[in-house]
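One-based numbering, in listed order, for ligands and for the atoms of each. For clarity, every value in this text was computed on a predicted model and none was experimentally measured.
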Amino acid sequence: MSIQSFHPPVRTLMGPGPSDISPRVLEAMSRPTIGHLDPVFVDMMDEVKELLRYAFQTRNDLTMPVSAPGSAGMETCFVNLVQPGDTVIVCQNGVFGGRMKENVERCGGTAVMVHDDWGAAVDPNKVEEALKANPDARVLAFVHAETSTGAISDAQTLSALAHQHDCVVIIDTVTSLAGSPLMVDEWELDAVYSGSQKCLSCTPGLSPVTFSQRALDIVTSRKHPVQSWFMDLNLVLGYWGGGGKRAYHHTAPVNALYGLHEALVMLQEEGIENSWARHRKNHEALRTGFEAMGLSFLVPEDQRLPQLNAISVPDGVDEAAVRNILLNEYNLDIGAGLGPLAGKIWRFGMMGFGSNQTNVLFCLGALDAVLSSMKAPITSGVAVDAARVFYSAD
Ligand SMILES: *Cc1c(COP(=O)(O)O)cnc(C)c1O
């Protein structure tokens with residue numbers, strides 16, 4: 001055996017996540033490991049919870065990172081709120097609504113699906129019809145920012161509709177947290193999950209969640225025990241909950257949480273509104289360059305997610321070949337289309353630390369050069385300048 005230490009290449013991550021990570025976060029993660037019940041660590045966990053309340057714009061007591069990726073945050077919401085026999089209205093306009101349906105069914109519930117096109121926002125009119133047609137439903141589930149298509153939905157309107165019909169809301173904010181306005185308390189969102197590796201720019205593997213009192217009341221008054229031991233909030237709360245009497249549940253991923261703490265400190269330093277504005281501005285610069293090149297967006301302008309740009313592949317272009325050249329020659333990682341959009345779009349992520357002018361100009365220059373060399377039907381040599389003019393006018 002002569003396997004050596006692993007040294008990954010240095011890439012620019014402009015796909016659907018993970019996103020580029022600040023050296024500050026990586027450095028924080030290399031600090032000494034201490035015990036997860038050490039009082040010093042417990043104090044840091046309390047700071048993480050407080051910083052997450054800021055990121056989510058909530059005062060919810062139950063706000064914490066699940067020790068597993070975004071998919072586990074999703075599952076935490078469903079296994080705690082859905083009991084056998086429950087009817088749940090699930091909106092699907094991309095990949096992740098489909099996973100919500102799977103979750104409902106594995107909890108023994110029935111999912112009533114509300115479908116919208118991949119690339120469109122969730123239509124509140126269809127949701128209202130489904131709520132009226134299913135008066136026994138107690139949960140409405142939808143994705144705020146659909147990373148598979150680059151569409152953002154109106155969470156405030158959907159949440160108000162759900163409450164009018166006596167439903168709680170489960171919402172996926174994996175790609176919206178810190179990238180787009182998200183007001184958990186003001187919009188009365190009940191069970192909210194996110195991920196560490198998108199606009200928070202931390203390493204993958206942690207899932208911040210927050211639960212309203214209304215959601216928590218359902219969890220604590222369940223008739224059936226939660227099917228998952230690991231995700232049962234009644235047990236997790238003894239560990240992450242306040243009050244000083246912390247009981248062992250599982251070993252927290254100590255160093256990963258140092259990273260999340262640092263990422264959240266960076267967000268607090270920048271200010272959440274400034275973070276939202278930065279994501280929008282860099283999206284607009286990228287868009288100016290794409291449009292100068294003659295490329296077009298999948299999603300209508302008023303439903304576009306700034307941090308995930310889905311671009312139609314020009315006619316006759318081998319989309320996988322373009323991605324391979326970008327990766328191998330530019331160390332630039334972008335995303336492909338999924339499901340019905342496979343082969344039809346590229347996905348350019350502009351998330352967290354990676355949402356910056358350098359990445360915008362680098363990406364436009366690289367794509368321009370690669371498409372031009374393939375004789376693709378674009379306007380060559382103008383994209384970078386267009387974006388630079390955009391920045392200098394700002
Ligand atoms: C990335 C993502 C997830 C899943 O997160 P993982 O950390 O990969 O498990 C869920 N929902 C959305 C919208 C995402 O973008």
- Which class fits the ring pair Tyr248 and His36: parallel under 30°, tilted 30 to 60°, perpendicular over 60°? perpendicular

- Query: Mind checking whether His144 and Trp187 have parallel, tilted or perpendicular rings, split at 30° and 60°?
  - Reply: perpendicular

- Identity and distance of the protein heavy atom lying nearest atom 4 (C) of ligand 1: Ser71 OG, 3.7 Å

- Message: Tell me the protein heavy atom at minimum distance from atom 3 (C) of ligand 1, and give that distance in Å.
- Response: Phe96 CE2, 3.4 Å

Atoms in ligand 1 with a heavy atom of [X] nearer than 4.0 Å:
{"X": "Gly70", "result": "5 (O), 6 (P), 7 (O), 9 (O)"}
{"X": "Pro69", "result": "6 (P), 7 (O), 9 (O)"}
{"X": "Ala145", "result": "13 (C)"}
{"X": "Thr175", "result": "15 (O)"}
{"X": "Asp172", "result": "10 (C), 11 (N), 12 (C), 13 (C)"}

- Query: Looking only at heavy atoms, what is the nearest atom pair of Gly343 and Val313, with distance?
  - Reply: O-CG2, 4.1 Å

- Message: Ignoring hydrogens, what is the shortest heavy-atom contact between Asn60 and Arg53? Give both atom names and the distance.
- Response: O-NE, 2.8 Å

- Verify the distance criterion only: is there a donor paired with an acceptor across the side chains of Gln213 and Asp217 at less than 3.5 Å? yes

- Task: Check each of Thr147, Leu206, Leu308 against atom 15 (O) of ligand 1 and report the one with the nearest heavy atom.
- Result: Thr147

- Ignoring hydrogens, just give me the one of Glu146, Arg99, Lys198, Gln197 whose non-hydrogen atom is nearest atom 14 (C) of ligand 1. Lys198

- Would you call Arg287 and Glu284 a salt bridge, taking side-chain N to carboxylate O under 4.0 Å as the test? no

- Item | Whether over 12 other heavy atoms sit under 6.0 Å from Arg388 CZ | no

